[in-house]
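Naming: A, B, ... by sequence-line order, numbering from 1 per chain.
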Protein chains: 2
Amino acid sequence: MSEHWRLTDKGVTDSHGQYISAIYRHMQILISAELAPYQIGSGQYIFLMAIAFQQPITQKALSEKLLIDKTTTAKAIAKLEAEGYVRREADPADNRYQLLYLTESGREVVPKVQEALGRVKSKTRKGITDEEYDLLLGLLKIVLRNLSKQEEMLE
Amino acid sequence: MSEHWRLTDKGVTDSHGQYISAIYRHMQILISAELAPYQIGSGQYIFLMAIAFQQPITQKALSEKLLIDKTTTAKAIAKLEAEGYVRREADPADNRYQLLYLTESGREVVPKVQEALGRVKSKTRKGITDEEYDLLLGLLKIVLRNLSKQEEMLE
DNA sequence: TCAAATAAGATGTTATTGCAACTATTATTT
DNA sequence: AAATAATAGTTGCAATAACATCTTATTTGA
């Protein structure tokens, strides 16, 4: 009874947070290794893929879509631009916006990045059925929504 | 057909990686805010809790248990020691090992950290039943195991 | 119309994290 | 027993990411 601070295993390890962070860190390492040949880091590929999906797009829109801070977005885009994968163009209608496009080089690298991400995805979801995977995504989506809501409440 | 690089929404957004990283980043923010009063950052609390669970423990054991690089562990422990929550003691049987103990201050803060983590956990798993949560943990566990195996293969 | 407010981005700083390379200590091999 | 291996931990460096603050451009309101 005097050991009120002693913890059960449940309390320490069995919460999604621990798994999420371990998975995140390990995936970062895997993805970095996969994309190293293209000089694309784990902090940039999401932006490259999002631009490939919707072109042109602004940094603001990217930040909101990916739920990433706008300063992080700015720096990631700067790297992608420095590598020659992305091109910036001021929006003629509103000069505050930078419209982002893939360059020729960017269009060439996107399928390779997509394949690399596919490899990582299939490695990591081995042993999980399609039904289970859908379920996993659904639950992760709920967790993420809870977190985003939390953020709105703070504003 | 010339647009072989154009992506479907599935390909870009519907993979666990995106959710994992977004959840990870947002949880880091939430936890940092919750633990700010105790001068404990999002990079330290896991170690504090793991030491509370098993005392004494070495940095090596912490790194393996938490799947975190030993240099990260070293730095986190250094911070916890600087804040006065953790005490280091060379293992008399093998001076390479540092045995880690909670200090009095550490024992006092652990329940508060636990409560804070509990708050974060219940906020983020809102709308998820116990059965679904168990399922989520199970699936995350599989993903993490796949990633750890990947690591072993590289050795 | 012109000042104030708002919006998009950029920059500087800080925290978390991992790799490479290093020190110190213990174990192994010859 | 001395030389070599292996192990635990530390340090320096670089990448990711967020917050605070600043700049520039647009919109709003008086």
Side-chain angles (χ1 to χ4, degrees), chain A residues 20-33 35-36 39-47 56-64 66-83 86 88-100 147 151 154-155, chain B residues 17 20-33 35-36 39-47 56-64 66-83 88-100 147 151 154-155:
Chain A
I20 294 280
S21 51
I23 292 169
Y24 170 79
R25 288 181 287 99
H26 283 78
M27 284 192 75
Q28 291 265 94
I29 294 170
L30 245 184
I31 291 172
S32 292
L35 301 184
Q39 312 291 336
I40 297 171
S42 64
Q44 291 111 54
Y45 79 93
I46 339 174
F47 297 98
I57 190 168
T58 65
Q59 294 186 190
K60 181 83 197 316
L62 279 178
S63 297
E64 285 172 355
L66 303 174
L67 297 172
I68 292 179
D69 188 85
K70 60 181 181 168
T71 67
T72 302
T73 301
K75 283 158 191 165
I77 298 301
K79 287 198 178 181
L80 286 172
E81 193 184 24
E83 289 297 333
V86 165
R88 287 167 135 108
E89 198 174 288
D91 185 343
D94 188 334
N95 276 292
R96 286 175 303 184
Y97 290 87
Q98 298 288 323
L99 299 179
L100 305 174
L147 281 161
E151 204 171 61
L154 294 173
E155 281 165 13
Chain B
I20 294 280
S21 53
I23 292 169
Y24 170 78
R25 288 182 286 100
H26 284 78
M27 284 192 77
Q28 291 264 93
I29 295 170
L30 245 184
I31 291 173
S32 292
L35 302 184
Q39 313 292 335
I40 297 171
S42 65
Q44 292 109 55
Y45 77 93
I46 338 174
F47 297 97
I57 190 170
T58 65
Q59 295 185 191
K60 180 80 196 315
L62 279 178
S63 297
E64 285 172 354
L66 303 173
L67 296 172
I68 292 179
D69 187 87
K70 61 179 182 170
T71 68
T72 303
T73 301
K75 285 156 192 167
I77 298 301
K79 287 200 178 182
L80 286 172
E81 192 183 25
E83 289 297 333
R88 287 167 135 109
E89 199 174 285
D91 185 344
D94 187 333
N95 276 290
R96 286 175 302 184
Y97 291 87
Q98 298 289 322
L99 299 179
L100 306 174
L147 281 161
E151 204 171 58
L154 293 174
E155 283 165 13

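Atom OG1 of residue A/T58 and atom CD1 of residue A/I77 lie 10.0 Å apart, to the nearest 0.5 angstrom. With values rounded to the nearest 0.5 angstrom, A/L99 atom CG is found 10.5 Å from A/Q59 atom CD.
If you check every strand for non-hydrogen atoms under 4.0 Å, B/S32 touches nothing. Within the 4.0 angstrom heavy-atom criterion, only backbone atoms of the sugar-phosphate kind lie near A/Q44; the bases stay farther away. The residue B/Y24 sits close only to the backbone: its heavy atoms come under 4.0 Å of sugar-phosphate atoms, none of a base. Contact annotation for A/T73: no contact, since no heavy-atom pair falls under 4.0 Å across all strands. Residue A/S42 is classed as a sugar-phosphate contact, given heavy-atom separations below 4.0 Å to backbone atoms only.
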B/E64/B/K60 under salt bridge (Lys or Arg N to Asp or Glu O under 4.0 Å): CA gap, chis, key distance, verdict: CA-CA 6 Å; B/E64 285 172 354; B/K60 180 80 196 315; 2.7 Å; yes
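Each of B/Q98 and B/S21 has a nearest nucleotide on DNA chain D; the 5'-most of these lies closest to B/Q98. Map A/G43 and B/K75 each onto its nearest nucleotide of DNA chain D; the residue landing nearer the 5' end is B/K75. Place A/T71 and A/D94 on DNA chain C by their nearest nucleotides, and A/D94 ends up nearer the 5' end.
Residue B/R25 has no polar side-chain atom (N or O) positioned under 4.0 Å from OP1 or OP2 of D/dC19. Using a 4.0 Å cut-off, some side-chain N or O of B/K79 falls inside it from OP1 or OP2 of C/dT16. OP1 or OP2 of D/dT26 lies within a sub-4.0 Å distance of a side-chain N or O belonging to A/N95. Taking 4.0 angstrom as the limit, A/K70 places none of its side-chain polar atoms (N or O) nearer than this to OP1 or OP2 of C/dA8. Taking 4.0 angstrom as the limit, A/T72 places a side-chain polar atom (N or O) nearer than this to OP1 or OP2 of D/dA18.
As the counterpart of C/dT26, no nucleotide is assigned, since no Watson-Crick or G-U wobble pattern has both distances under 3.5 Å.
Rounded to a whole Å, the CD atom of A/E64 is 14 Å from the P atom of D/dA18. A/H26 places its NE2 atom 12 Å from the P atom of C/dT17, with the value rounded to the nearest Å.
Side chains of B/T73 and B/L66 form no contact here, defined as non-hydrogen atoms less than 4.5 Å apart. Residues A/L147 and A/L67 fail the side-chain proximity criterion, which asks for heavy atoms closer than 4.5 Å.
In this structure, D/dA17 shows a glycosidic angle more than 90 degrees from zero, which is the anti conformation.
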